[in-house]
Amino acid sequence: MWKDLEISVVRCDSEERKAKPDQDNLGFGTFFTDHMFLMKWNRENGWHDAEICPYRNFSMDPAAMVYHYGQAIFEGMKAYKSDEGQIYMFRPEDNIERMNTSALRMCMPRIPVEKILKAMKALVYLDRDWIPDGDGATLYLRPTMIAVEPALGVRPSEQYYFFIIMSPVGAYYAEGFNPTKIWVTDKYVRAVKGGVGHVKTAGNYAASIMAAQEANRAGYTQVLWLDACDRKYVEEVGTSNIFFRIGDELITPPLGGSILAGITRDSVIQLAGSWGINVVERRISITEVIAAIEDGSLREAFGSGTAAVISPIGELCYQEKKYVIAKGETGELSQRLFNELQAIQNGKQDDPFKWVVRVG
Ligand SMILES: *Cc1c(COP(=O)(O)O)cnc(C)c1O
């Protein structure tokens with residue numbers, strides 16, 4: 001069925017095209033490009049009606065299952081433009097494969113990887129004028145799948161939409177690295193083994209908002225999540241994976257079913273490993289982290305994720321005590337990983353791992 005999935009393309013008329021936003025005030029996810037991708041699924045026809053079309057609203061039954069039980073999954077990825085104007089994407093097949101892992105867990109249908117990659121490239125190319133110029137500015141892609149069957153029984157929906165929308169985003173570090181202050185919570189938990197913490201499903205993010213709000217009110221940018229059973233082992237930071245450089249090891253928590261398998265996390269592990277750094281995936285408790293801060297063996301800590309790539313951590317607050325990391329400055333390895341990953345993504349640097357995909 002998938003091989004018959006034709007993609008129709010309807011372009012905006014010139015008067016339908018939106019004015020481009022001010023490149024210096026893009027923010028994150030506030031402006032959307034002229035076109036989107038959409039396809040539909042039902043039991044009889046599988047995926048069908050695939051189209052690249054002008055960005056538009058959906059009209060949906062208020063009983064659509066996504067509104068009630070949250071059967072929704074998404075991805076986050078970027079398209080980049082080199083100084084020469086060549087467009088690239090970073091490991092896009094990994095995002096599509098991960099979406100299929102999420103789909104499986106949420107009893108949603110698989111998407112065809114090759115077809116979606118093709119559609120993604122066509123969509124990015126069609127809206128290429130929306131990729132902002134300037135170092136670090138990118139076009140953010142948001143592939144999403146939602147349950148649209150109108151029914152109130154709790155069961156897998158028999159109808160779905162899969163769509164991709166795109167948003168130009170500014171450089172995350174327009175004014176240079178600014179290490180973040182992190183709030184360690186032992187009051188709320190993000191995910192539990194056996195649950196859905198390892199997949200990108202909407203409810204995880206709804207559940208995290210309250211902790212983030214409390215952290216923000218206390219003057220902190222992100223929440224550091226501990227494991228849900230003992231509230232002791234470090235899991236993730238906000239919507240990023242986390243790394244600690246202690247002594248001559250680079251330590252990150254293992255993927256045990258409650259942690260999202262970040263593509264940036266995997267890239268950091270491979271890249272640092274190729275530099276001869278000893279990368280260790282193991283459980284690490286918050287007490288071990290604090291002891292390492294206090295005895296000076298913790299040299300740096302950072303988060304990893306598509307949005308910021310590398311996000312240095314300058315301070316932790318745990319049980320009302322503050323702990324400064326690396327004098328509140330950006331660590332040497334954090335900086336090197338950031339520079340190297342960004343250079344690979346922008347096509348400025350060799351790509352030894354074949355991560356980069358050309359568009360157009
Ligand atoms: C998306 C996400 C990450 C980072 O994944 P990348 O593929 O590196 O962008 C980490 N943790 C959570 C909870 C996430 O949702």
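Ligands are counted one by one from 1 in listed order, and the atoms in each one are counted from 1 as well.
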Trainee: Who clusters with V357? Use side-chain heavy atoms, under 4.5 angstrom, across I, L, V, M, F, W and Y, and order the result by chain and number.
Mentor: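 Cluster partners of V357: none, it stands alone.
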
Trainee: Determine whether more than 12 heavy atoms belonging to other residues, nucleotides or ligands lie under 6.0 Å from atom CE of M60.
Mentor: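 Atom CE in M60 is packed in, count exceeds 12.
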
Trainee: Suppose we screen for salt bridge (charged side-chain N to carboxylate O under 4.0 Å, His left out). Which residues come up paired with R91, at least two apart in sequence or across chains?
Mentor: D94, D266

Trainee: Under the ring-ring contact (aromatic ring centres under 6.0 Å, His included) rule, collect the residues that match up with F32, sequence neighbours excluded.
Mentor: Y55

Trainee: So if you build clusters from Ile, Leu, Val, Met, Phe, Trp, Tyr with side-chain heavy-atom gaps below 4.5 Å, do I277 and I344 land together?
Mentor: yes

Trainee: Supply the atom-to-atom distance I251 CD1 to F243 CZ, rounded to the nearest 0.5 angstrom.
Mentor: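 That separation rounds to 11.0 Å.
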
Trainee: Report all protein residues having a heavy-atom distance below 4.0 Å to some atom of ligand 1; order the list by chain, then number.
Mentor: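 The answer is R98, R190, K200, Y205, E236, T239, S240, N241, L260, G262, I263, T264, G305, T306, counting any residue whose heavy atom sits under 4.0 Å from ligand 1.
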
